[in-house]
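Naming convention: chains lettered A, B, ... in sequence-line order (proteins, then strands); numbering from 1 in each chain. As the structure is a computational prediction, the values presented were derived from the model and not from experiment.
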Protein chains: 2
Amino acid sequence: MSVTLADVAARAGVSAATVSRVLNGNYPVAGETRSRVLRAVEELEYVVNGPASALAAATSDLVGVLVNDIADPFFAVMASAVQSEMSPAADGSGLSGQKMAIICNTGGSPERELTYLTLLQRQRAAAVVLTGGTVEDPAHTEALATRLRRLSDAGTRVVLCGRPPLPGHDALTVTFDNRGGARRLTEHLLSLGHRRLGYLAGPTARTTTRHRLEGHHAALSEAGLAGEATLTVHGAYDRASGYDGALELLRREPRLTAILAANDTVALGVCAALRDRGLRIPQDVSVTGFDDLPFAVDATPALTTVRLPLADAGARAGRLALDRETPPVGGVATYHADLMARASTAPPSRPGP
Amino acid sequence: MSVTLADVAARAGVSAATVSRVLNGNYPVAGETRSRVLRAVEELEYVVNGPASALAAATSDLVGVLVNDIADPFFAVMASAVQSEMSPAADGSGLSGQKMAIICNTGGSPERELTYLTLLQRQRAAAVVLTGGTVEDPAHTEALATRLRRLSDAGTRVVLCGRPPLPGHDALTVTFDNRGGARRLTEHLLSLGHRRLGYLAGPTARTTTRHRLEGHHAALSEAGLAGEATLTVHGAYDRASGYDGALELLRREPRLTAILAANDTVALGVCAALRDRGLRIPQDVSVTGFDDLPFAVDATPALTTVRLPLADAGARAGRLALDRETPPVGGVATYHADLMARASTAPPSRPGP
DNA sequence: CTGTTAGCGCCTTCAT
DNA sequence: ATGAAGGCGCTAACAG
């Protein structure tokens with residue numbers, strides 16, 4: 001078998017307890033003894049047994065991070081930021097208590113979300129961060145709240161990042177003003193003179209989808225256009241949905257002059273579809289995204305969108321999860337979504353009626 | 001405290017051993033007893049204590065995945081694929097033995113890479129997957145080999161994904177033909193008639209950088225252009241390096257007609273710089289990327305690049321890590337890099353001398 | 001400051 | 001097919 005604490009203790013001529021104290025450094029140990037222990041550790045190439053110490057100390061160094069899909073930049077950026085808050089020093093000093101992130105891909109499936117929470121509870125995770133929007137289904141909301149309550153009861157810190165507070169559980173929350181973002185985007189288009197807008201929404205029954213749609217409608221109402229044909233098509237948060245959705249919108253209303261996409265990735269699909277149709281952006285149709293992912297500025301034309309401070313939010317969530325930042329009042333921090341007006345939007349060439 | 005195996009046993013009127021056997025399902029248990037135990041588990045909301053079972057069984061359900069930066073799509077796609085091989089069924093059935101991935105961001109730092117390996121050894125990880133290229137430094141290579149050997153000795157499976165086999169350790173390896181890819185890209189440009197090429201290489205002393213550069217040179221030599229001014233500038237694998245690097249290349253050789261970027265992200269920066277300089281792509285300067293990340297096809301013009309089957313490779317690595325696929329002969333599987341000729345390359349308007 | 005003594009919760013022979 | 005018992009490696013009181 002491998003080297004254990006006892007081996008190190010024997011080699012250093014001290015008790016196991018002393019070795020443990022040296023390694024964890026939260027207890028006074030004589031300098032002399034200390035270096036003797038450290039030397040023995042070196043010589044024996046001893047590596048702490050994580051499970052054993054987790055069991056004995058009833059704590060763990062694991063932090064769960066739930067994402068829909070880590071290959072989606074939206075989640076990758078947040079997850080990366082969460083992680084950056086617990087990354088070890090480059091020199092590898094002080095590894096004790098070093099937290100490690102377990103990133104779990106739920107694929108947007110509510111069931112899998114619950115499954116992963118169980119798995120994380122099994123690992124006795126120190127904290128759990130749930131990122132991105134969630135499904136709006138009473139049954140799932142309740143199941144989720146129950147699971148999270150069990151986790152909190154077991155001492156696991158729970159933080160929500162990029163989704164609204166969960167009814168039935170008072171987890172710390174870092175969220176985005178999705179409504180405001182969509183409203184600003186819509187206002188921007190209206191102020192340019194657009195009147196025939198198409199909205200490509202995300203999957204139904206998801207918080208982000210609903211909030212963005214609400215912001216869109218709010219802007220329309222304020223402009224006295226509430227009654228206007230609110231052309232809306234739902235789809236997934238991916239490029240293909242953008243492509244198909246744009247074609248569908250054009251089929252329904254060939255005269256539309258602007259399309260608001262559910263997010264930047266979808267917007268890319270929209271742009272591709274418009275190009276394939278021989279329509280120019282923004283001369284014929286203006287396009288907007290959402291999120292301001294890194295590639296948005298490199299799209300041609302550069303994409304008008306709203307910026308979500310994903311990295312800031314993720315980092316904040318990470319700190320809250322590690323209890324290294326005082327929680328915001330009320331437990332909820334909301335990040336503003338700034339309009340990034342770029343080249344994909346312009347006044348319509350044929351003003352509306 | 002929380003519910004333990006003993007509690008369940010008491011409730012079900014059986015011994016702890018029996019409960020354990022039911023939960024792990026690798027031992028015959030009477031159907032009657034079995035369901036009684038399962039009911040007790042339900043009623044008590046019992047959740048296995050991971051650390052405790054890991055300690056007792058001397059095995060763990062954790063799998064480490066090392067990446068440079070999870071926010072970089074190159075790594076995110078691979079990591080996601082590795083993970084997909086161990087994701088639980090959506091219905092949450094059969095959670096026992098469910099593996100979980102710990103994704104570690106090394107930031108490209110060799111020290112941190114070693115640190116994370118120690119941390120994973122501490123967790124007694126079932127397997128470790130190292131993704132992406134690595135630093136070519138004898139000291140680090142040796143330190144890495146040593147660390148990996150300790151891991152293997154401790155029973156952890158080690159898989160390399162996206163990097164060449166490591167001298168000094170016979171880890172299973174899934175790698176890409178970076179040389180071939182760069183060669184094909186260069187041949188493509190040469191066949192279009194380009195003679196003044198600029199090469200924007202990645203960071204020095206990294207395997208991917210070197211291999212791609214070698215492929216580039218090989219193509220040049222074969223075309224009898226070995227002596228030609230091989231304009232090369234090194235930079236990081238990010239957009240900013242592409243932007244700055246392109247300007248630097250143009251400064252050194254204003255007449256160049258093509259730029260090969262270290263990867264797609266860098267290529268995006270190159271395109272931005274060229275546009276800002278008023279140069280048209282591909283009429284004035286052709287541009288190529290590497291990797292064929294999702295956004296490459298949406299760039300304008302669509303980026304000519306070579307496709308690395310990142311998802312396939314990641315999935316393969318995942319299966320090898322879980323010992324669910326017979327290893328390739330020799331322990332090394334190499335994936336081909338296909339040329340994706342798109343709109344960012346064309347014959348030079350002013351043919352070379 | 002350091003050693004001693006109990007567990008932490010589970011798995012796994014070994015009996016039965 | 002099930003129960004009993006020991007131990008996995010470490011930490012946390014409690015003495016000294």
| said: At less than 4.0 Å, is any side-chain N or O atom of Thr33(A) found next to OP1 or OP2 of dT2(C)? Yes or no. | reply: yes

| query | When you check the side-chain N and O atoms of His169(B) and Thr146(B), is any donor under 3.5 Å from an acceptor? | reply | no

| query | Whole Å only: how far is the OH atom of Tyr27(B) from the C1' atom of dT13(C)? | reply | 9 Å

| request: List in chain and number order the residues that pass side chain to side chain contact (heavy atoms under 4.5 Å, CB included) with Asp72(A), two or more places apart in sequence or in another chain; answer none if no residue qualifies. | output: Asp69(A), Phe74(A), Phe75(A)

| request: Quick one: label Ala30(A) by what it contacts on the DNA or RNA (base, sugar-phosphate, nothing), any heavy atom closer than 4.0 Å. | output: sugar-phosphate

| task | Using a cut-off of strictly less than 4.0 Å, decide whether Thr4(A) has a side-chain nitrogen or oxygen near OP1 or OP2 of dG9(D). | result | no

| field | Interface with DNA chain C, restricted to residues 18-25 of chain A and to heavy atoms under 4.0 Å | value | Thr18(A), Arg21(A)

| field | Side chain of Ala56(B) (C-beta onward), nearest among dG9(C), dG3(C), dT12(C) | value | dG9(C)

| query | Can you name the residues that form a side-chain hydrogen bond (donor to acceptor under 3.5 Å, both in side chains) with Gln121(B), not counting sequence neighbours? | reply | none

| Pairwise side chain to side chain donor-acceptor pair (under 3.5 Å) hits with a residue in residues 22-33 of chain B, at least two apart | Ser20(B)-Asn24(B)

| Qualifying residues under side chain to side chain contact (heavy atoms under 4.5 Å, CB included), relative to Ser15(A), sequence neighbours excluded | Ala17(A), Thr18(A)

| said: Under the rule for side-chain hydrogen bond (donor to acceptor under 3.5 Å, both in side chains), what residues qualify as partners of Thr207(A), not counting sequence neighbours? | reply: none

| field | Pairing residues for Ser53(A) by the side-chain hydrogen bond (donor to acceptor under 3.5 Å, both in side chains) criterion, not counting sequence neighbours | value | none

| said: So if I take residues 38-54 of chain B and measure heavy-atom distances to DNA chain D, which residues fall below 4.0 Å? | reply: none

| task | State, to the nearest 10°, the angle formed by the axis through the first five base pairs of the helix from dC1(C)-dG16(D) to dT16(C)-dA1(D) and the axis through its last five. | result | 30°

| Touch check for Leu55(A), heavy atoms < 4.0 angstrom, all strands: base, sugar-phosphate only, or nothing? | base

| task | Round to the nearest Å and state the distance from Asn26(B) atom CG to dT13(C) atom P. | result | 11 Å

| message | Tell me the closest heavy-atom pair linking Val65(B) and Ala79(B), and the distance in Å. | response | CG1-CB, 4.4 Å

| note | To the nearest angstrom, the CG-P distance between Leu5(A) and dT4(C) comes to 15 Å

| request: May I ask you to check whether Arg147(B) and Thr118(B) show a side-chain donor-acceptor distance below 3.5 Å? | output: yes

| message | Under 4.0 Å, heavy atom to any atom of DNA chain C: which of residues 117-125 of chain A qualify? | response | none

| Results of side-chain hydrogen bond (donor to acceptor under 3.5 Å, both in side chains) for Ser84(B) - residues two or more places apart only | none

| query | What is the distance from atom CG of Leu160(A) to atom OG1 of Thr131(A), rounded to the nearest 0.5 Å? | reply | 9.5 Å

| Shortest non-hydrogen contact from Thr106(A) toward Glu113(A) | CG2-CA, 3.9 Å

| field | Length of the CD-C1' vector between Glu32(B) and dA1(D), whole Å | value | 13 Å

| query | Residues two or more places apart in sequence or in another chain: which of them pass side chain to side chain contact (heavy atoms under 4.5 Å, CB included) with Leu44(A)? | reply | Val3(A), Asp7(A), Val8(A), Arg11(A)

| note | Taken to the nearest whole Å, CZ/Arg36(A) to P/dC1(C) is 15 Å

| Ignoring hydrogens and geometry, is there a side-chain-to-backbone donor-acceptor pair from Asn105(A) to Ile70(A) under 3.5 Å? | yes

| request: Please figure out whether Ala16(A) or Arg34(B) has its closest DNA chain D nucleotide nearer the 5' end. | output: Arg34(B)

